[in-house]
Amino acid sequence: ADAAALRRKLAEVRGRGLAAAPGSVDAESTGIAVPVRADLREASPVVAAIGVVLPRDPSGATAKRVEAIDALLAAAADIRAALDDQLLYR
């Protein structure tokens, strides 16, 4: 990918708050990842990321994907809170 295409993709990921990569692991799967930020500010540094790989649903149903995104976002918040508790990034 050229630099301009990469910048566009990164801007899209930042805007959505997650990365989705249908078919990047294999044709039958979709990878989804969310950032773990240093604190609650949206512009705070990303200190980690967590993700899952799900089977692609040929019917286009999104319920499983939405469920996975909700679970990832909750886990990212829990990890960030644990980091706060440990004062690792202060």
Side-chain angles (χ1 to χ4, degrees):
D2 64 58
L6 180 58
R7 282 191 292 277
R8 284 190 302 274
K9 184 63 176 176
L10 288 172
E12 176 188 322
V13 167
R14 283 187 196 104
R16 291 174 63 193
L18 62 92
S24 66
V25 175
D26 62 45
E28 293 82 32
S29 65
T30 297
I32 302 171
V34 300
V36 176
R37 296 194 176 275
D39 59 42
L40 291 173
R41 293 172 298 127
E42 193 171 307
S44 68
V46 174
V47 296
I50 56 173
V52 295
V53 177
L54 302 171
R56 289 179 79 179
D57 187 341
S59 71
T62 59
K64 292 275 187 198
R65 189 168 69 181
V66 169
E67 187 178 313
I69 292 168
D70 289 346
L72 286 170
L73 291 169
D78 289 346
I79 292 168
R80 190 206 48 76
L83 293 174
D84 281 351
D85 289 346
Q86 298 297 316
L87 302 174
L88 294 176
Y89 293 98
R90 296 212 182 259

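Just so you know, these numbers come straight off a predicted model, no measurement behind them.
- Between Glu67 and Lys64 there is no salt bridge, since no side-chain N of the basic residue sits under 4.0 Å from a carboxylate O of the acidic one.
- Residue Leu73 forms a side-chain contact (heavy atoms from CB on, under 4.5 Å) with just one option from Ile50, Asp78, Val34, and that option is Val34.
- Looking at Leu18 and Ile69, their side chains come closer than 4.5 Å, going by heavy atoms from C-beta outward.
- A donor-acceptor contact shorter than 3.5 Å is absent between the side chain of Ser29 and the backbone of Val53.
- The two atoms that bring Ala68 and Leu54 nearest to each other are CB-CD1, 3.7 Å, heavy atoms only.
- When all heavy atoms are compared, the tightest approach of Ala38 to Ser44 is N-OG, 3.7 Å.
- Pro35 and Gly17 get closest at one heavy-atom pair: CD-O, 3.4 Å.
- For the atom pair CG (Asp26) and CZ (Arg56), the distance works out to 9.5 Å, reported to the nearest 0.5 Å.
- Closest approach of Val36 and Arg80 over heavy atoms only: CG1-N, 4.1 Å.
- Both Val47 and Leu72 belong to a single network of hydrophobic side chains, linked directly or stepwise wherever heavy atoms of I, L, V, M, F, W or Y lie under 4.5 Å apart.
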